[in-house]
A.B. asks: 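This is the structure I have questions about; it appears just below.
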Amino acid sequence: MSHLTDDPTAAAILGAVPCYPVPPIGNSPAIDALRAAKAGHGFIIGQDGVMLILRRSWLELDVSVSSPIAAHLPYGSVGPEKANLRCGLIPGGLLRRVLEHFEEALPNEAAAFVIWDEATGAFELDFPTIDEATPSRLVYRTPALAAGSHVICDIHSHGRSGAFFSPTDNADDAHATKISMVFGRIDDPGGAVRASRLCAGGMFLPMPRSPFSGDQYAE
């Protein structure tokens, strides 16, 4: 049971996704534990708004999810936002292999996953089983992951069309925590175009920089 509720289901939910006020000194053991967790998420409330703190083995995300609260709150600040890859940058050579795979699949769309093993720190590519591929439609299967393996990037192409997230993509990504990328105009002499986002906490967040090493692309 929780001191916030006598209902066991509600107590389990509040325990799984806690919400803490920020003390005026700025930190607390509970907030420090939330930030240090290997996996999980919760919220903190400060004088400058509400922040989502989300952790995965590969991701460290602190992001504001509200404007500053108009009412006076005798709390401290939630602190700065951050989005760090605990797994480090993905080797740039994997991006080149993905783009080669997409070009070989033309005129059809294609897909790839970047998987990271938390035990070894190694990255690998998975080219999924394709159930249907055309220049405008792609149906593929997500990989079965071994324990300790995580999908970091879910990437697909739009063949020779532009790069954008479709309503189907939005539905597929709504409840995931991953980097989602779409490449288009794959064989354009000027280079492929892309759209990318971080999917976390039911939100689609902009990617200010590429997750691949040596890739200078910025949104």
Side-chain angles (χ1 to χ4, degrees), residues 22 26 31 34-68 77-99 102 111-116 118 121-125 150-158 161-186 188 190-219:
V22 180
I31 294 173
L34 186 59
R35 285 197 160 106
K38 179 180 177 181
H41 70 282
F43 297 87
I44 60 174
I45 302 175
Q47 60 181 274
D48 44 357
V50 180
M51 172 173 278
L52 166 68
I53 297 177
L54 184 146
R55 296 291 182 268
R56 295 292 184 270
S57 297
W58 60 276
L59 177 66
E60 191 174 73
L61 176 68
D62 293 358
V63 61
S64 293
V65 294
S66 81
S67 302
S77 169
V78 297
E81 295 184 315
K82 64 179 178 182
N84 296 327
L85 292 176
R86 286 173 159 176
C87 60
L89 292 173
I90 303 166
L94 298 188
L95 177 60
R96 290 190 290 275
R97 286 176 55 194
V98 168
L99 293 174
F102 288 171
F113 292 94
V114 176
I115 296 171
W116 177 70
E118 68 179 50
F123 293 91
E124 66 177 29
L125 289 177
H150 308 272
V151 169
I152 308 299
C153 261
D154 180 348
I155 314 171
H156 70 278
S157 77
H158 280 175
S161 299
F164 57 90
F165 292 104
S166 69
T168 299
D169 297 331
N170 292 342
D172 290 344
D173 292 349
H175 302 293
T177 302
K178 63 183 179 181
I179 296 168
S180 187
M181 304 179 77
V182 182
F183 283 86
R185 301 178 190 166
I186 296 300
D188 190 293
V193 295
R194 77 175 80 175
S196 58
R197 63 190 182 188
L198 174 62
C199 310
M203 301 179 292
F204 300 140
L205 304 171
M207 293 282 297
R209 60 186 183 276
S210 172
F212 291 92
S213 63
D215 182 23
Q216 302 303 314
Y217 181 85
E219 294 285 354

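Side-chain atoms are counted along with the backbone in the values below, which use heavy atoms only and exclude waters and symmetry mates. Everything numeric here is computed off the predicted structure, so don't read it as measured data.
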A.B. asks: With rounding to the nearest 0.5 angstrom, report the CG to CG distance, Leu198 to Leu59.
C.D. replies: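 One finds 5.5 Å between CG of Leu198 and CG of Leu59.
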A.B. asks: With side chains defined as the heavy atoms from C-beta onward, is the minimum distance between Cys153 and Ile90 less than 4.5 Å?
C.D. replies: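 Yes; the side chains approach each other to less than 4.5 Å.
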A.B. asks: Quick one: are Ile45 and Val22 in side-chain contact, heavy atoms under 4.5 Å?
C.D. replies: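 Sidechains of Val22 and Ile45: no contact.
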A.B. asks: With the side chain counted from C-beta on, respond yes when Phe165 and Ser180 share a heavy-atom pair under 4.5 Å apart, and no when they do not.
C.D. replies: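 Yes, at least one pair of side-chain atoms sits under 4.5 Å.
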A.B. asks: Do the side chains of Lys178 and Ile152 get nearer than 4.5 Å, heavy atoms only?
C.D. replies: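 Contact flag for Ile152/Lys178 side chains = no.
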A.B. asks: Would you name the heavy atoms of Phe123 and Pro91 that are closest together and state the gap between them?
C.D. replies: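 Taking every non-hydrogen atom into account, CD1-CD, 3.5 Å.
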A.B. asks: Under the salt bridge (Lys or Arg N to Asp or Glu O under 4.0 Å) criterion, do Lys38 and Glu118 qualify, and how do the steps go?
C.D. replies: CA-CA 11 Å; Lys38 179 180 177 181; Glu118 68 179 50; 2.7 Å; yes
A.B. asks: When you measure from the side chain of Asp188 to the backbone of Gly190, do you find a donor-acceptor pair of N or O atoms at a distance under 3.5 Å?
C.D. replies: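 A pair under 3.5 Å: yes.
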A.B. asks: Name the one of Leu52, Ile53, Leu61 that satisfies side-chain contact (heavy atoms from CB on, under 4.5 Å) with His41?
C.D. replies: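 Running side-chain contact (heavy atoms from CB on, under 4.5 Å) over Leu52, Ile53, Leu61 with His41 returns exactly one hit, Leu52.
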A.B. asks: Determine, step by step, whether Asp169 and His156 satisfy the side chain to side chain contact (heavy atoms under 4.5 Å, CB included) criterion, reporting the C-alpha distance in whole Å, the side-chain angles of both residues, the deciding distance to 0.1 Å, and the verdict.
C.D. replies: CA-CA 10 Å; Asp169 297 331; His156 70 278; 3.4 Å; yes
A.B. asks: Drop me the distance from Glu60's CD to Arg35's CZ, to the nearest 0.5 angstrom.
C.D. replies: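 Rounded to the nearest 0.5 Å, the CD-CZ separation comes out at 9.5 Å.
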A.B. asks: Which atom names give the shortest non-hydrogen contact between Asp173 and Arg197, and what distance separates them?
C.D. replies: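 Closest approach of Asp173 to Arg197: OD2-NH2, 2.9 Å.
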A.B. asks: Nearest 0.5 Å please: distance from the OG1 atom of Thr177 over to the CH2 atom of Trp58.
C.D. replies: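 Going from OG1 on Thr177 over to CH2 on Trp58, the span is 7.0 Å.
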A.B. asks: How long is the span from the SG atom in Cys87 to the CZ atom in Arg56, to the nearest 0.5 Å?
C.D. replies: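 Result: 13.5 Å between the selected atoms.
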A.B. asks: Should the pair Arg209-Asp215 be classified as a salt bridge under the 4.0 Å nitrogen-to-oxygen rule?
C.D. replies: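 So Arg209 does not pair with Asp215 through a salt bridge.
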A.B. asks: Do Ser77 and Asp48 have a side chain donor and acceptor closer than 3.5 Å?
C.D. replies: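 Asp48 and Ser77 do have a side-chain donor-acceptor pair below 3.5 Å.
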A.B. asks: Using ring centroids (six-membered ring only for Trp), state whether His158 and Phe183 fall under 6.0 Å.
C.D. replies: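 That pair fails the under 6.0 Å test.
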A.B. asks: For atom CZ of Arg185, decide whether the heavy atoms of other residues, nucleotides or ligands shown that lie under 6.0 angstrom number more than 12.
C.D. replies: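 Not more than 12 within 6.0 Å, no.
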A.B. asks: I want to check something: taking the side chain as every heavy atom from C-beta on, are Pro211 and Leu85 in contact at a cut-off of under 4.5 Å?
C.D. replies: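 Answer yes - side chains close enough.
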A.B. asks: Could you walk me through whether Phe212 and Leu89 pass the side chain to side chain contact (heavy atoms under 4.5 Å, CB included) check?
C.D. replies: CA-CA 5 Å; Phe212 291 92; Leu89 292 173; over 6 Å; no
A.B. asks: Side chain to side chain contact (heavy atoms under 4.5 Å, CB included) between Val50 and Ile44: does it pass, once the steps are laid out?
C.D. replies: CA-CA 6 Å; Val50 180; Ile44 60 174; over 6 Å; no
A.B. asks: Nearest 0.5 angstrom please: Leu99 CG to Leu94 CG, how far?
C.D. replies: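 Leu99 atom CG to Leu94 atom CG measures 11.0 Å (nearest 0.5 Å).
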A.B. asks: Using a 4.5 Å cut-off on heavy atoms from C-beta on, say whether the side chain of His150 contacts that of Ser57.
C.D. replies: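 With C-beta onward as the side chain, the pair touches.
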A.B. asks: Considering non-hydrogen atoms only, spot the tightest contact between Leu34 and Phe43 and give its length.
C.D. replies: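 That closest heavy-atom pairing would be CD2-N, 4.3 Å.
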A.B. asks: Closer than 3.5 angstrom, by distance alone: can the side chain of Glu81 be matched with the main-chain N or O of Ser64 as a donor-acceptor pair?
C.D. replies: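 Checked: pair present.
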A.B. asks: How long is the gap from CD1 on Ile186 to CZ on Phe102, to the nearest 0.5 Å?
C.D. replies: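 The distance works out to 6.5 Å.
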A.B. asks: Taking C-beta and beyond as the side chain, do Met51 and Ser66 meet within less than 4.5 Å on heavy atoms?
C.D. replies: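 No, side chains not in contact.
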A.B. asks: Any heavy-atom pair between the side chains of Arg55 and Asp62 that's under 4.5 Å?
C.D. replies: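 Asp62 vs Arg55: side chains touch.
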